[in-house]
There are 2 protein chains.
Amino acid sequence: MTTDAVGRDHEAVSQFVESFAAQLVEAGMQRMPARIFAALLSSDSGTLTSAELGEQLQVSPAAVSGGVRYLAQQHMVAREREPGSRRERYRVHSNQWYEALTNREAVIKRWEHALREGVNSLGPQTPAGRRMAETLAFFEFVDGEIAQMMERWRVRREELFGAD
Amino acid sequence: MTTDAVGRDHEAVSQFVESFAAQLVEAGMQRMPARIFAALLSSDSGTLTSAELGEQLQVSPAAVSGGVRYLAQQHMVAREREPGSRRERYRVHSNQWYEALTNREAVIKRWEHALREGVNSLGPQTPAGRRMAETLAFFEFVDGEIAQMMERWRVRREELFGAD
DNA sequence: CCTTAACTTCACAAGTTTCTGAAAGAAGCG
DNA sequence: CGCTTCTTTCAGAAACTTGTGAAGTTAAGG
């Protein structure tokens, strides 16, 4: 097993990056953002520069740029400028990225909006309209529940891993 | 507004179907399954035949076949054979399809598996390994919470809409 | 058991997405 | 203020996806 000075098994890490990225793709994320994100996740510092990403993933600077833009929009990574350099570095917030995952706030709101439209188009007293109203109620319910769940997770997390 | 005998506004319904489908697409679903699903959702009986779907969505039987196969695999629709006919009909279970949505059982399990691999590849005592272990714990937590949440929803649903 | 209606599969064409190289755009540093 | 280094934008090529028509399969009903 080929390891570097700090004992990192590049081969195994790269394999993990690709397989985790594949899961993200399956869940609907675009390939390049997924690979970039997985690479960041498996870096010890949680940060990588654009050049490091390009190197590790064997892609052009343009691809990194595009992928990072998407991730930043989704609040899954933060961009930081290294002081005194034109180098940008991208960071995954260890204990916050998966909160972003469940924080589908915007997505859920859009669904709720579409469903409300549906209830109106179909008529609230039609069978289809009633089905839709029920679904809408479900999303409203889930919305509130998720917030509470994340609260419980923060408590739990502290128990398991100590203060943040 | 053009309506049929039972007062359905085809124009408005079709518009809803397309806009709801668009939301599903945005959330990662393929276009054809999304459109088929939205059409089923907005039908009063909750069922449509292959021919009806093709007609309403203006697509070939082959496209319907492919889309339905996907939806059936995801347990979002059930196939029923009309007795005494070669006609198949597809049904959305009004109060169960969105449970399927949250029932990402298989997806979550695969993520957990990938993360476990990650912890091993990176080493549980490395910073990256620890980050991954924390994420894994999060998914395990969510897994259990969702089950409880759905239980609460069933109670809530009964309050709101009566027994099923 | 043959006919026929219905669904499925498959090869391919059209459309879309994704990545690249090249050029343009910022920003540190002399 | 201009040189240099890094990032972004953009047009186009390559790869992938998606939907179609046509052929193939299944099963009802005579």
Side-chain angles (χ1 to χ4, degrees), chain A residues 14 17-18 20-40 43 47-74 76-92, chain B residues 14 17-18 20-40 43 47-74 76-92:
Chain A
S14 166
V17 166
E18 295 307 327
F20 193 68
Q23 297 300 324
L24 293 167
V25 168
E26 191 131 343
M29 192 182 290
Q30 293 153 2
R31 181 172 311 278
M32 191 55 62
R35 296 181 70 209
I36 292 173
F37 186 72
L40 282 169
S43 70
T47 69
L48 291 172
T49 64
S50 183
E52 290 167 331
L53 283 166
E55 156 89 9
Q56 183 175 343
L57 303 175
Q58 290 295 309
V59 294
S60 71
V64 174
S65 174
V68 164
R69 175 175 38 181
Y70 173 86
L71 290 169
Q73 277 169 359
Q74 307 295 312
M76 291 179 71
V77 308
R79 339 166 68 105
E80 308 178 343
R81 180 54 66 92
E82 286 192 331
S85 158
R86 296 110 283 196
R87 232 173 227 145
E88 201 113 39
R89 59 181 29 212
Y90 308 111
R91 152 164 280 130
V92 55
Chain B
S14 166
V17 167
E18 296 306 328
F20 193 66
Q23 297 301 324
L24 293 169
V25 168
E26 190 130 345
M29 194 184 289
Q30 294 154 1
R31 180 174 312 279
M32 191 54 61
R35 296 180 70 209
I36 291 174
F37 186 73
L40 282 169
S43 71
T47 69
L48 291 172
T49 64
S50 183
E52 289 167 333
L53 283 166
E55 156 88 10
Q56 184 177 341
L57 304 175
Q58 290 296 309
V59 295
S60 69
V64 174
S65 173
V68 164
R69 176 174 40 180
Y70 174 86
L71 291 169
Q73 277 170 0
Q74 308 293 312
M76 291 179 73
V77 307
R79 338 167 69 105
E80 307 179 343
R81 179 56 64 92
E82 284 191 333
S85 158
R86 293 119 280 202
R87 230 174 228 144
E88 201 114 38
R89 60 182 26 215
Y90 308 111
R91 152 163 280 131
V92 55

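All values derive from a computational prediction rather than experimental measurement. Throughout, a chain's letter reflects where its sequence line sits, starting with A, and its residues are numbered from 1.
- Distance, Glu52(B) CD to dA6(C) P: 12 Å, rounded to whole Å.
- Atom C1' of nucleotide dA14(C) and atom CE of Met32(B) are separated by 14 Å, given to the nearest angstrom.
- The phosphate of dG21(D) (OP1 or OP2) has no side-chain N or O of Ser60(B) nearer than 4.0 angstrom.
- Pairing each heavy atom of Val59(A) with each of Met32(A), the nearest pair is CG1-CE, 3.5 Å.
- One finds a salt bridge joining Arg91(A) and Glu80(A) here, because a Lys/Arg side-chain nitrogen approaches an Asp/Glu carboxylate oxygen to under 4.0 Å.
- Separating the CG atom of Leu57(B) from the P atom of dG19(D) is a distance of 11 Å, rounded to the nearest angstrom.
- For the OP1/OP2 pair of dT8(C) and a distance below 4.0 Å, the side-chain nitrogens and oxygens of Arg79(B) include at least one atom meeting the criterion.
- Gln56(B) contributes no side-chain N or O that, together with a main-chain N or O of Leu53(B), makes up a donor-acceptor pair within less than 3.5 Å.
- The interatomic distance linking Gln30(B) (CD) with dG15(C) (P) rounds to 20 Å, in whole Å.
- Val64(A) comes within contact range of no nucleotide atom at all, as no heavy-atom separation falls under 4.0 Å.
- Comparing dT8(D), dT20(C), dC6(D) by their nearest atom to the side chain of Arg87(A) picks out dC6(D).
- Under 4.0 angstrom from either OP1 or OP2 of dG28(C) there lies no side-chain N or O belonging to Arg86(A).
- Within 4.0 Å of Ser65(B), counting heavy atoms only, lies at least one base atom of the nucleic acid.
- Here Arg69(B) reaches the OP1 or OP2 of dT9(C): one of its side-chain N or O atoms lies under 4.0 Å away.
- Among all heavy-atom pairs drawn from Tyr70(B) and Gln30(B), the shortest one is CD1-OE1, 4.0 Å.
- One interatomic measurement links the two molecules: OH of Tyr70(B) to P of dG19(D), which rounds to 13 Å at whole-angstrom precision.
- When the C1' atom of dT7(D) is taken as reference, atom CD1 of Ile36(A) falls 13 Å away, rounded to whole Å.
- Here the closest non-hydrogen pair linking Ile36(B) and Ala63(B) is CD1-O, 4.3 Å.
- The side chain of Ala63(A) has dT20(C) as its nearest neighbour among dT7(D), dT20(C), dG19(D).
- Protein atom CZ of Arg81(B) is 7 Å distant from nucleotide atom P of dA27(D), rounded to whole Å.
- Of the residues near DNA chain C, Thr49(B) and Pro61(A), the one whose nearest nucleotide (by heavy atom distance) lies more toward the 5' end is Thr49(B).
- Picking from dT8(C), dG19(D), dC19(C) the nucleotide with the shortest atom distance to the side chain of Arg31(A) gives dC19(C).
- Between the CG atom of Leu53(A) and the P atom of dC6(D) there is a distance of 15 Å, rounded to whole Å.
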